[in-house]
Amino acid sequence: MLAILSWLIPTDTAEIVFAGDAMQHQRQIDAARQPDGSLNYDTYFKTLTPYISSADFAVVNLETPLGGAPYSGYPMFCAHDNYVDALTDAGFDLMLSANNHILDRRDKGVRRTISTFEKKEVPYIGVYRNQAHRDSILPMIHDINGFKVAFLNYTYGTNGIKKTTDIVIDYINRDLIAADVAKAREKGAELIAVCIHWGDEYHLLPNAEQKKLAQYIADLGVELIIGGHPHVIQPMEMGYNEKNRHNYFLVYSLGNFISAMRTTDTRGGALARVVIARDIFGKAYVKSASYRLVFVDPAKGKGDTFKCLPAESPDISRQMRPYRDAFVKNAVNIFNKHNVGVPRDTTAIR
């Protein structure tokens, strides 16, 4: 009997990791600069690479255009192309580009960002050369260990900067999201991830509009709703949508993946790890999710560099540990109070 049951119950699973905002402030640029003038980010994610790479697929929000020299931080970001290499070397498979800073180098910066992704053969979503280009890319459906997963990406705005050419940036629009979701299903997506740039900066709890939009997206049948932009963490939940009778995983904000921000709650963020599986009928579903806190240990002086580390890492510098402790205390307090069915993962990374 047990042998029969084991044959009937599917064992296929896949794991997806989502990271928050990969920022590039001026202090990061200065610390990465080498004697020959080049920029090196090789140490940024070294400790986290085994965790990220162990997933079947990993996604990060690249919150800067790749507009070419000169490189700059806040308020008008522009990162070196090597920054993308550091992220892909760490194990990320998809770059999100629909965010409020993507137009910081205007339309030309968007086009160069797209060209850089294509040159490096890095998958991306959220920005396109024109509507025809968008239509050729979306729906973007990845085969992840046998699961067909579609990814979509939208932003609330671009800091008031308007495009001047026919480039396309995916802004939050309910009709657009609904049409994209429907098309993804038509093209065979078993699961859909909507990655969305929304919310109020520096607020540890979602606002009413985030909650309403999350409900709307879940009612469309979307299984993964992953948020960013506030630069601080916000709650997560494993839920069940009665309208479509499916599990969903919702993250209001993953916070900063890496940045040079210095207030307590902006010094780190969360990585979300999602397990997808098949039920006894072979239907794909979201089985479980967990989170891992990460903390940025900044450069301390000449020759030092920025590092994104597990928040519990013993390698965090002595002078940064009080800041780490304060960040963790606040984040865990929010997650313990407001998370639904999403535990913290502190297992050793090997």
Side-chain angles (χ1 to χ4, degrees), residues 17 19-53 58 60-92 95 101 104 120 202 231-233 254-271 292-331 346 348-350:
V17 164
D21 303 333
M23 312 294 293
Q24 183 70 168
H25 290 92
Q26 189 62 49
R27 286 200 301 142
Q28 293 170 265
I29 295 170
D30 294 342
R33 187 168 286 112
Q34 304 300 297
D36 63 0
S38 65
L39 297 177
N40 187 299
Y41 305 97
D42 289 350
T43 62
Y44 261 42
F45 313 112
K46 186 175 181 180
T47 304
L48 284 167
T49 294
Y51 178 84
I52 298 165
S53 297
V60 63
N61 174 50
L62 179 63
E63 193 148 352
T64 172
L66 304 168
Y71 309 110
S72 56
Y74 181 84
M76 306 299 284
F77 291 101
C78 182
H80 193 284
D81 298 352
N82 288 352
Y83 196 33
V84 172
D85 296 331
L87 290 165
T88 55
D89 288 347
F92 288 106
M95 304 287 153
H101 285 288
D104 282 2
K120 294 178 178 293
Y202 318 122
H231 301 301
V232 297
I233 58 91
L254 287 168
N256 286 332
F257 180 50
I258 190 164
S259 79
M261 299 176 101
R262 304 189 223 204
T263 58
T264 298
D265 298 320
T266 63
R267 288 183 178 272
L271 294 173
R292 176 178 288 277
L293 292 178
V294 295
F295 182 80
V296 178
D297 200 341
K300 314 302 186 302
K302 189 174 181 179
D304 199 4
T305 185
F306 279 70
K307 305 177 197 66
C308 184
L309 301 166
E312 68 276 7
S313 174
D315 296 329
I316 291 172
S317 59
R318 186 181 302 275
Q319 66 198 81
M320 294 305 299
R321 289 175 192 173
Y323 299 101
R324 183 273 310 274
D325 294 345
F327 162 74
V328 169
K329 179 180 178 181
N330 288 357
T346 57
I349 295 176
R350 302 186 188 284

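Sequential numbering from 1 along the given sequence is applied to the chain's residues.
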Would the distance check show the side chain of [X] and the main-chain N or O of [Y] forming a donor-acceptor pair, the cut-off being under 3.5 Å?
{"X": "D297", "Y": "S317", "result": "yes"}
{"X": "D21", "Y": "F257", "result": "no"}
{"X": "R321", "Y": "P314", "result": "yes"}
{"X": "K46", "Y": "Y44", "result": "no"}
{"X": "E63", "Y": "N61", "result": "no"}
{"X": "N256", "Y": "I258", "result": "no"}

Would you say the side chain of [Y] lies within less than 4.5 Å of the side chain of [X], judging by non-hydrogen atoms?
{"X": "P310", "Y": "L48", "result": "yes"}
{"X": "E312", "Y": "R324", "result": "no"}
{"X": "T264", "Y": "K329", "result": "no"}
{"X": "T49", "Y": "D89", "result": "no"}
{"X": "Y74", "Y": "M261", "result": "no"}
{"X": "R292", "Y": "I349", "result": "yes"}
{"X": "F92", "Y": "V84", "result": "no"}
{"X": "T88", "Y": "M95", "result": "yes"}

Looking at every heavy atom in both [X] and [Y], which two are closest together, and how far apart are they?
{"X": "I52", "Y": "A58", "answer": "CG2-CB, 3.7 Å"}
{"X": "G73", "Y": "I29", "answer": "N-CD1, 4.0 Å"}
{"X": "L293", "Y": "A270", "answer": "CD2-CB, 4.3 Å"}
{"X": "M23", "Y": "F77", "answer": "CE-CZ, 3.7 Å"}
{"X": "V294", "Y": "C308", "answer": "CB-SG, 3.9 Å"}
{"X": "D104", "Y": "M76", "answer": "O-CE, 3.3 Å"}

Neighbour count above 12 (heavy atom, 6.0 Å) for Y83 OH: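 More than 12 heavy atoms, drawn from other residues, nucleotides or ligands, come within 6.0 Å of this atom.
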Any side-chain donor paired with an acceptor under 3.5 Å for Q24 and Y41?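 Judged by distance alone, the side chains do pair up.
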Let me know which of L254, D265, T263 forms a side-chain contact (heavy atoms from CB on, under 4.5 Å) with V232.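 That would be D265; it is the only one of L254, D265, T263 passing the side-chain contact (heavy atoms from CB on, under 4.5 Å) with V232.
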Would you check, one step at a time, whether the test salt bridge (Lys or Arg N to Asp or Glu O under 4.0 Å) holds for R33 with D36? CA-CA 8 Å; R33 187 168 286 112; D36 63 0; over 6 Å; no
Under the side chain to side chain contact (heavy atoms under 4.5 Å, CB included) criterion, do H25 and S259 qualify, and how do the steps go? CA-CA 6 Å; H25 290 92; S259 79; 3.8 Å; yes
Given the ring of F327, does R267 sit roughly above its face, with NZ or CZ under 6.0 Å from the centre of the six-membered ring and within 45° of the axis?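 No, R267 does not lie over the aromatic ring of F327.
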Evaluate side chain to side chain contact (heavy atoms under 4.5 Å, CB included) for H101 paired with T64, printing each intermediate quantity in order. CA-CA 6 Å; H101 285 288; T64 172; 5.9 Å; no
To the nearest 0.5 Å, what is the distance between CD1 on I233 and OG1 on T266?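 I233 CD1 to T266 OG1: 12.0 Å, rounded to 0.5 Å.
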Value rounded to 0.5 Å, distance of CE in M320 from CG in D315: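 Between atom CE of M320 and atom CG of D315 there are 14.5 Å.
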Decide side chain to side chain contact (heavy atoms under 4.5 Å, CB included) for Y323 and R262; before the verdict, give the C-alpha distance in whole Å, the side-chain angles of both, and the deciding distance to 0.1 Å. CA-CA 9 Å; Y323 299 101; R262 304 189 223 204; over 6 Å; no
Using the salt bridge (Lys or Arg N to Asp or Glu O under 4.0 Å) rule, take K120 and D85 through it: C-alpha gap first, then chi angles, then the decisive distance, then the call. CA-CA 8 Å; K120 294 178 178 293; D85 296 331; 3.0 Å; yes
